[in-house]
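Counting starts at 1 for both ligands and their atoms, following the listed order.
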Amino acid sequence: MDSQTLTRPAVLILLGPPGAGKGTQARMLQDRFGLVQLSTGDLLRAAVAAGTEAGKAAKAVMEAGDLVSDEIVLAILRDRLAEPDTAKGVILDGFPRTTVQAKALDDLLAQSGQRINAAISLEVDDAEMVTRVAGRYTCGTCGEGYHDTYKVPAVAGTCDKCGGTDMKRRADDNAATVGQRLAAYHAQTAPLIAYYEDKGNLQRIDAMGEIGAIAEGLSAIVQKAVA
Ligand code: AMP
């Protein structure tokens with residue numbers, strides 16, 4: 001381990017189709033390693049809710065299950081990376097999603113002498129993803145995730161973690177849009193697995209199992225990657 005590695009902020013990438021568990025696992029890694037989860041989907045949803053120019057341009061594209069333009073996503077990502085809380089390191093959740101974004105990230109990191117510690121591919125079966133995504137919802141207060149079948153709160157409609165009762169479902173978490181999101185993943189994002197494999201950054205994890213077991217496997221990968 002050299003001194004540069006110690007002082008350089010960690011950059012981890014979670015790759016995987018919608019429903020693979022990127023958000024759930026990124027939240028866990030954030031708590032465990034003190035890194036910041038950076039979800040371009042969350043940033044875009046916030047832009048849509050705030051009615052910014054970027055949000056207005058992104059709204060219909062997101063509702064159709066297509067990818068928002070690289071230009072908009074890169075601008076949002078750059079702004080977020082400029083905030084001081086990212087100094088210890090970031091877990092990129094849902095970014096990059098295209099080769100253009102991956103190359104732009106390489107350039108951005110090179111400018112500040114940073115590098116990617118690991119790109120981790122969460123490997124899952126497509127058939128399962130539609131069920132997973134179509135049944136999920138989150139607590140609007142604390143962001144804890146739930147599912148109609150796989151993870152129901154102890155008291156229906158009340159968050160186990162914070163007691164909040166404002167449960168939210170994403171507009172794009174319906175069976176029709178999920179199909180298009182999966183297609184976009186295979187056409188535009190899956191090629192990034194080979195991109196990071198060629199660079200020697202790729203790690204793979206079977207993400208079909210139980211959330212806690214996957215979290216343990218991921219933690220072991222991250223522990224090594226940031227050491
Ligand atoms: P997610 O929350 O990661 O599932 O993203 C939700 C939606 O936001 C996607 O279906 C895309 O429309 C858009 N989106 C999120 N991240 C990106 C990205 N890196 N590039 C393009 N579009 C994105």
Side-chain angles (χ1 to χ4, degrees), residues 11-27 29-30 36-81 86 90-109 116 119-122 124 126 128-140 143-147 168-193 195-196 207:
V11 180
L12 298 161
I13 294 170
L14 295 187
L15 288 171
K22 298 185 297 296
T24 304
Q25 297 296 342
R27 280 164 62 84
L29 292 172
Q30 170 169 268
V36 170
Q37 173 191 11
L38 205 161
S39 154
T40 42
D42 284 350
L43 294 171
L44 287 166
R45 279 184 285 281
V48 170
T52 64
E53 285 308 311
K56 282 182 201 152
K59 188 171 187 286
V61 179
M62 293 171 76
E63 282 171 2
D66 292 322
L67 293 188
V68 174
S69 75
D70 291 325
E71 196 190 358
I72 289 179
V73 173
L74 286 166
I76 279 186
L77 181 91
R78 276 196 201 98
D79 286 352
R80 183 65 185 88
L81 282 177
T86 61
V90 292
I91 305 153
L92 298 175
D93 157 12
F95 180 94
R97 257 178 160 99
T98 64
T99 308
V100 170
Q101 292 178 15
K103 289 186 174 154
L105 177 65
D106 288 343
D107 292 347
L108 200 67
L109 295 177
I116 291 160
I120 308 168
S121 168
L122 277 66
V124 291
D126 264 19
E128 169 77 5
M129 292 309 103
V130 178
T131 318
R132 274 206 205 175
V133 175
R136 71 184 181 182
Y137 56 97
T138 52
C139 169
E144 185 71 0
Y146 293 96
H147 191 279
K168 292 202 185 313
R169 280 180 202 266
R170 280 171 44 174
D172 59 349
D173 276 353
N174 59 74
T177 308
V178 176
Q180 181 53 30
R181 286 162 63 199
L182 275 173
Y185 172 78
H186 286 295
Q188 289 160 281
T189 310
L192 296 182
I193 294 174
Y195 180 87
Y196 289 115

Could you tell me which residues satisfy ring-ring contact (aromatic ring centres under 6.0 Å, His included) with His147, sequence neighbours excluded, listed by chain and number? Tyr150

Answer yes when Asp42 and Arg45 have at least one side-chain N-carboxylate O distance shorter than 4.0 Å, and no when they do not. yes

The salt bridge (charged side-chain N to carboxylate O under 4.0 Å, His left out) partners of Asp70 (sequence neighbours excluded) come to none

Give a yes-or-no answer on whether the side chains of Tyr185 and Asp126 include a donor-acceptor pair shorter than 3.5 Å. no

Does ligand 1 have any N/O pairs with the protein under 3.5 Å, and how far apart?
from     : atom 1 : to     : atom 2 : distance (Å)
ligand 1 : 2 (O)  : Arg45  : NH1    : 3.0
ligand 1 : 2 (O)  : Arg45  : NH2    : 2.9
ligand 1 : 2 (O)  : Arg170 : NH1    : 3.1
ligand 1 : 2 (O)  : Arg170 : NH2    : 3.3
ligand 1 : 3 (O)  : Arg97  : NH1    : 3.1
ligand 1 : 3 (O)  : Arg97  : NH2    : 3.1
ligand 1 : 4 (O)  : Arg97  : NH2    : 3.4
ligand 1 : 4 (O)  : Arg170 : NH2    : 2.9
ligand 1 : 4 (O)  : Arg181 : NH2    : 3.4
ligand 1 : 5 (O)  : Arg97  : NH2    : 3.4
ligand 1 : 12 (O) : Asp66  : O      : 2.6
ligand 1 : 16 (N) : Thr40  : OG1    : 2.8
ligand 1 : 16 (N) : Gly94  : O      : 3.4
ligand 1 : 16 (N) : Arg97  : NH1    : 2.9
ligand 1 : 19 (N) : Thr40  : OG1    : 3.4
ligand 1 : 19 (N) : Gly94  : O      : 3.0
ligand 1 : 19 (N) : Gln101 : OE1    : 3.0
ligand 1 : 20 (N) : Gln101 : NE2    : 2.9
ligand 1 : 22 (N) : Val68  : N      : 3.1

Give me the atom names and distance for the closest heavy-atom approach of Leu15 to Pro96. CD2-O, 4.1 Å

I'd like to check the side chain to side chain contact (heavy atoms under 4.5 Å, CB included) partners of Ala184; sequence neighbours left out, ordered by chain and number. Leu67, Gln188

